[in-house]
> 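Quick one: the structure is below, and I'll ask about it shortly.
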Amino acid sequence: MASLLQRVRAKMAIFAHRRARGMLDGEYGSVFRGRSLDFDDLRAYVPGDEVRDIDWKATARHGSPLIKRYVAVRRQTVLLIADTGRNMAAESRDGETKKDIAVMALGVVGYLAHRHGDVVGLVCGDANGSRAIPAKSGEAHLERLLREVDSSTGLDSGPSRIDEQLEHVARTVKGRYLLFVVADERAGFPGTEQLLRRLRAQHEILWLTIRDADLVGERHTGQDAFSVADSALLLGHLAASPDVAAAYARAAGERDASRYAMFRRAGITEGHVTGSAGVMAELFALLERHRRAG
């Protein structure tokens with residue numbers, strides 16, 4: 001059986017040259033540089049210390065400048081959160097199965113974490129429940145995580161509901177992690193936003209949305225299509241109708257706008273991809289935007 005991690009690494013080599021891969025690796029590291037420190041104690045300021053490290057409240061009480069001293073945390077914990085409901089068995093905008101794109105994205109982030117000595121865990125599932133694999137290091141462990149996502153996603157899976165996996169994390173995860181969420185396109189809802197705000201107060205969160213296939217309009221093939229969520233049929237000749245295409249575009253635009261607004265209010269950086277070929281570039285942009293958002 002071919003290794004999923006080997007496939008991910010091969011695609012990384014195909015879709016990005018060595019310099020781009022190095023830049024992505026550096027961007028991952030720079031996001032967490034300065035966040036991988038725990039406060040230890042205070043000491044007197046000496047010339048050359050960073051002014052931003054001065055504890056101004058303690059300085060006012062003490063009467064002379066005091067600097068916060070930190071100790072390094074050796075490892076970050078990265079938690080991959082994946083929708084493995086039946087929506088992820090559908091085609092993406094580029095014609096690939098969404099599950100395959102998710103495995104690629106999860107594999108890239110997991111591999112970056114592995115290269116930086118971080119440990120990686122997984123929470124995945126559907127509306128019927130979540131499964132968790134504790135964070136560990138090593139390529140064999142990362143392969144296990146990717147296999148779990150790959151084997152759990154199909155047309156016979158339960159309905160997609162990423163809120164179930166987020167609720168599981170909110171209930172069970174202690175400490176501060178990097179949460180990397182890969183999910184289907186969805187609208188923004190008040191309940192989800194409240195949950196995201198709660199998680200954002202504790203964790204760093206990166207979110208990658210995989211775009212739906214175009215079911216209407218110019219890119220439509222003319223074939224009948226059906227929804228993997230509820231088996232609803234969309235007849236090919238109806239999909240070619242300009243009125244149907246316009247209504248579909250309005251509904252999709254409203255859904256996306258509500259999601260963008262939800263993430264903006266919750267302070268979460270979102271990226272989106274249409275296929276595996278765009279994963280590397282979008283992850284670089286996602287990490288860069290997250291770092292700049294601070």
Side-chain angles (χ1 to χ4, degrees), residues 22-81 109-123 132 134-138 166-181 190-208 260-271 283-294:
M23 291 171 63
L24 179 61
D25 189 73
E27 195 63 44
Y28 174 91
S30 69
V31 168
F32 307 107
R33 191 173 298 132
R35 292 188 175 121
S36 58
L37 302 173
D38 276 350
F39 173 73
D40 184 28
D41 59 11
L42 297 169
R43 64 166 175 79
Y45 173 87
V46 296
D49 283 336
E50 292 279 355
V51 174
R52 65 184 178 183
D53 288 336
I54 295 176
D55 186 323
W56 294 106
K57 290 184 178 179
T59 293
R61 292 193 299 269
H62 188 262
S64 61
L66 294 175
I67 292 288
K68 296 178 182 177
R69 186 159 60 182
Y70 298 89
V71 293
V73 177
R74 292 180 180 270
R75 288 182 172 179
Q76 299 286 343
T77 300
V78 177
L79 186 60
L80 308 176
I81 304 176
V109 171
Y111 184 63
L112 289 172
H114 164 70
R115 282 176 53 84
H116 283 260
D118 296 337
V119 293
V120 186
L122 172 70
V123 171
K136 291 174 58 177
S137 61
L166 298 176
E167 289 164 357
H168 177 90
V169 173
R171 290 194 307 269
T172 63
V173 172
K174 309 299 181 185
R176 185 172 182 83
Y177 290 6
L178 164 66
L179 309 183
F180 178 57
V181 186
T192 305
E193 182 175 338
Q194 184 177 11
L195 178 58
L196 289 173
R197 287 177 180 273
R198 177 183 171 190
L199 289 169
R200 181 67 182 84
Q202 182 179 350
H203 307 285
E204 301 283 344
I205 303 176
L206 297 171
W207 192 293
L208 189 69
Y260 300 154
M262 176 183 71
F263 285 135
R264 185 174 61 253
R265 290 191 296 265
I268 292 172
T269 309
E270 182 202 19
L283 285 179
F284 179 85
L286 182 63
L287 288 165
E288 186 177 39
R289 291 196 304 270
H290 180 79
R291 173 176 57 82
R292 289 179 175 178

> Identify the two heavy atoms, one from Lys174 and one from Arg171, that lie closest to each other, and give their separation to 0.1 Å.
NZ-O, 4.3 Å
> Less than 4.5 Å apart, any side-chain heavy atom of Val120 and any of Phe180?
no
> Are Lys57 and Asp55 close enough, and set up right, to give a side chain to side chain contact (heavy atoms under 4.5 Å, CB included), and what steps lead you there?
CA-CA 6 Å; Lys57 290 184 178 179; Asp55 186 323; 3.8 Å; yes
> If we only count heavy atoms from C-beta on, is the Val123 to His168 side-chain gap below 4.5 Å?
yes
> Would you say the side chain of Leu166 lies within less than 4.5 Å of the side chain of Leu199, judging by non-hydrogen atoms?
yes
> Considering non-hydrogen atoms only, spot the tightest contact between Leu286 and Gly271 and give its length.
CD1-N, 3.5 Å
> Rounded to the nearest 0.5 Å, what separates atom OG1 in Thr77 from atom OH in Tyr177?
5.0 Å
> So does Leu66 get a backbone contact from the side chain of Thr59, meaning a donor-acceptor N/O pair under 3.5 Å?
yes
> Let me confirm one number: the CD1-CG distance from Ile268 to Leu206, rounded to the nearest 0.5 Å.
9.5 Å
> Rounded at 0.5 Å granularity, tell me how far CG in Leu196 sits from CD1 in Ile205.
6.0 Å
> Are the side chain of Gln202 and the backbone of Gly175 linked by a donor-acceptor contact shorter than 3.5 Å?
yes
> Which residues pass the ring pair (Phe, Tyr, Trp, His ring centres under 6.0 Å) test with Phe263, sequence neighbours left out?
Trp207
> Working to the nearest 0.5 angstrom, can you tell me the gap between Leu178 CG and Leu79 CG?
8.5 Å
> Within the structure provided, determine whether Glu270 and Leu208 are in side-chain contact (heavy-atom separation under 4.5 Å).
no
> Is the shortest distance from a Lys or Arg side-chain nitrogen in Glu204 or Arg176 to a carboxylate oxygen in the other one below 4.0 Å?
yes
> Determine whether a donor-acceptor pair (N or O, by modelled atom type, separation under 3.5 Å) exists between the side chain of Arg200 and the backbone of Gly267.
yes
> Taking atom CZ of Arg197 as the centre, does the number of heavy atoms from other residues, nucleotides or ligands within less than 6.0 Å exceed 12?
yes
> Check whether any side-chain N or O of His290 sits under 3.5 Å from a backbone N or O of Thr269 as a donor-acceptor pair, and report yes or no.
no
> Using 0.5 Å steps for rounding, measure from the NE2 atom of His116 to the OH atom of Tyr111.
10.5 Å
> With heavy-atom distances below 4.5 Å as the criterion, would you say the side chains of Val169 and Ile81 are in contact?
yes
> Any side-chain heavy-atom pair from Val119 and Val78 closer than 4.5 angstrom?
no
